[in-house]
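This report concerns only the one structure given below.
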Amino acid sequence: MEKNTLVNLIEHRISDSEPGYVFSAIDYTHIAELNTVHQILSRLEKSGKIKRVMQGLYYVPKFSELLQEYEEPSPNEIAFAIARKNRWSVVPEGNTALNQLGLSTQVSAKWSYISSGPYADFSYKNVKIEFKHRTTKQISDMSYKTSLLIQALKSLGKDNVSREDLEKLSERFTTEEKEKMLEESRYVTSWIYDKIKAICKAQG
């Protein structure tokens, strides 16, 4: 395939992405070789069509009419782009997990993830993104949503999961997702499994 065609194809894929989407060259190596993708992304950055987050990561800029400036990308988007680039499986933990499930609105300067990769820290602006190595069993042996829910419950703690929390969490998942969670989490710590059963029965 001619290079101009590859440029147009990758540019089209990027323009179709949601504003704020963070990505690296590895996300487009199914279209062209890695070196070619790097060249294309560098050209798109110079033209202002994409912006650089950090070395090797870019995002689709989103302009805020209210603020009259480009919005910064979400730390969560950055974290998952880093994970894809390094072929890690990751799941938010702690307050990051609570935030993703709507149980916390706290704006944190540190976003935490358990990872199949090594311990690693990254910084963007005033935000720190940290990855903590965990066994594959805690990440890859379950669906993402089951793992995310387990991490959120761990963060809340056994005696701090309210009825309101159960109902909020119940609203987050479809019937099919709940069925999968019940199956996948049978062998986790008993109190967590009890909470998951309550979430799946709760009327959100």
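Side-chain atoms are counted along with the backbone in the values below, which use heavy atoms only and exclude waters and symmetry mates.
In this structure the side chain of Asn76 reaches within 4.5 angstrom of the side chain of Pro92, judged on heavy atoms. Between Tyr21 and Asp27 the shortest side-chain heavy-atom distance falls below 4.5 Å. Two residues are said to be in side-chain contact when any heavy atoms from C-beta on lie closer than 4.5 Å; Leu41 and Glu45 fail this criterion. Annotation: side chain of Leu169 is not in contact with side chain of Ile196 (no heavy-atom distance under 4.5 Å). Contact check for Trp88 versus Pro118: side-chain heavy atoms found under the 4.5 Å cut-off. Residues Ile199 and Met181 fail the side-chain proximity criterion, which asks for heavy atoms closer than 4.5 Å. Side-chain contact check for Tyr28 versus Leu9: every heavy-atom pair is 4.5 Å or farther apart. Within the 4.5 Å cutoff, the side chain of Glu72 has no heavy atoms near those of the Val127 side chain.
At distances below 3.5 Å, at least one donor-acceptor pair connects side-chain atoms of Ser104 with backbone N or O atoms of Gln106. Checking side-chain atoms of Ser17 against main-chain N and O of Arg13 turns up a donor-acceptor pair under 3.5 Å. Proximity of a side-chain donor or acceptor of Asn8 to a complementary backbone N or O of Thr5 within less than 3.5 Å is not detected. Of the possible polar contacts, one joining the Asn86 side chain to the Ile82 backbone as a donor-acceptor pair under 3.5 Å is found. Judged by distance alone, with hydrogens and angles left aside, the side-chain atoms of Asp165 form a donor-acceptor pair with the main-chain N or O of Ser162 at under 3.5 Å. The closest donor-acceptor contact from the side chain of Lys195 to the backbone of Leu166 lies at 3.5 Å or more, if one exists at all. Between the side chain of Thr174 and the backbone N or O of Glu177, at least one donor-acceptor pair lies under 3.5 Å. Looking only at distances, a side-chain donor or acceptor of Glu184 sits under 3.5 Å from a matching main-chain atom of Ser143.
A 6.0 Å sphere centred on CG of Asp121 holds more than 12 heavy atoms belonging to other residues, nucleotides or ligands. By the neighbour-count criterion of 12 heavy atoms within 6.0 Å, atom NE2 of His30 is densely surrounded, having more than that number from other residues, nucleotides or ligands. Heavy atoms from other residues, nucleotides or ligands lying under 6.0 Å from NZ of Lys197 number more than 12. Residue Tyr187 places its OH atom among 12 or fewer non-hydrogen atoms of other residues, nucleotides or ligands, all under 6.0 Å distant. Atom CD of Gln68 is surrounded by more than 12 heavy atoms from other residues, nucleotides or ligands within 6.0 Å.
Considering CG of Leu149 and CG of Leu153, their distance stands at 4.5 Å, rounded to 0.5 Å. In this structure, CZ on Phe122 lies 12.0 Å from NZ on Lys128, to the nearest 0.5 angstrom. Annotation: the span from Glu183 atom CD to Met142 atom CE amounts to 11.0 Å, rounded to 0.5 Å. To the nearest 0.5 angstrom, Ser42 atom OG is 8.5 Å from Ile50 atom CD1. Rounded to the nearest 0.5 Å, atoms CG (Asp16) and CD (Glu18) are 10.0 Å apart. Taken from CZ in Arg134 to OG in Ser116, the straight-line distance is 12.5 Å, to the nearest 0.5 Å.
Considering all non-hydrogen atoms of both residues, Arg172 and Leu101 come closest at NE-O, 3.2 Å. Taking every heavy atom of both residues into account, Gly56 and Ser24 meet most closely at O-CB, 3.2 Å. Between Met54 and Ser123, the closest heavy-atom pair is CE-O, 3.7 Å. In plain terms, the two heavy atoms of Thr96 and Ser112 that are nearest each other are OG1-N, 2.9 Å. Closest non-hydrogen pair, Pro73 versus Ile78, comes out as CG-CD1, 4.0 Å. Residues Ile26 and Thr29 share a closest heavy-atom pair of O-OG1, 3.0 Å.
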Tyr59 and Glu71: CA distance, side-chain angles, deciding distance, side chain to side chain contact (heavy atoms under 4.5 Å, CB included) verdict: CA-CA 11 Å; Tyr59 75 104; Glu71 297 180 11; over 6 Å; no

Worked verdict on Val37 versus Ile31 for side chain to side chain contact (heavy atoms under 4.5 Å, CB included): CA-CA 8 Å; Val37 179; Ile31 298 175; 5.9 Å; no

Candidate pair Ile192 and Lys154, rule side chain to side chain contact (heavy atoms under 4.5 Å, CB included), full reasoning: CA-CA 8 Å; Ile192 293 178; Lys154 284 182 177 180; 3.7 Å; yes

Audit row: Arg52, Gln55, side chain to side chain contact (heavy atoms under 4.5 Å, CB included) steps and yes/no: CA-CA 7 Å; Arg52 181 176 296 205; Gln55 182 66 36; 3.6 Å; yes

Worked verdict on Lys178 versus Ser170 for side chain to side chain donor-acceptor pair (under 3.5 Å): CA-CA 8 Å; Lys178 290 174 182 176; Ser170 182; 2.9 Å; yes

Residues Lys180, Glu176; criterion salt bridge (charged side-chain N to carboxylate O under 4.0 Å, His left out); working and verdict: CA-CA 6 Å; Lys180 193 168 188 178; Glu176 292 76 15; over 6 Å; no

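Linking Ile, Leu, Val, Met, Phe, Trp and Tyr residues whenever their side-chain heavy atoms come within less than 4.5 Å places Leu98 and Trp191 in a single cluster. A single hydrophobic cluster is seen to contain both Leu182 and Tyr144, as judged by linkage of ILVMFWY side chains at heavy-atom distances under 4.5 Å, directly or through other members.
Considering only residues two or more places apart in sequence or on other chains, Tyr124 meets the ring pair (Phe, Tyr, Trp, His ring centres under 6.0 Å) condition with none of them.
Arg163 and Glu167 are joined by a salt bridge, as a carboxylate oxygen and a charged side-chain nitrogen come within less than 4.0 angstrom of each other.
Annotation: cation-pi pair Lys51/Tyr70 present, NZ/CZ under 6.0 Å from the ring centroid and within 45° of its normal.
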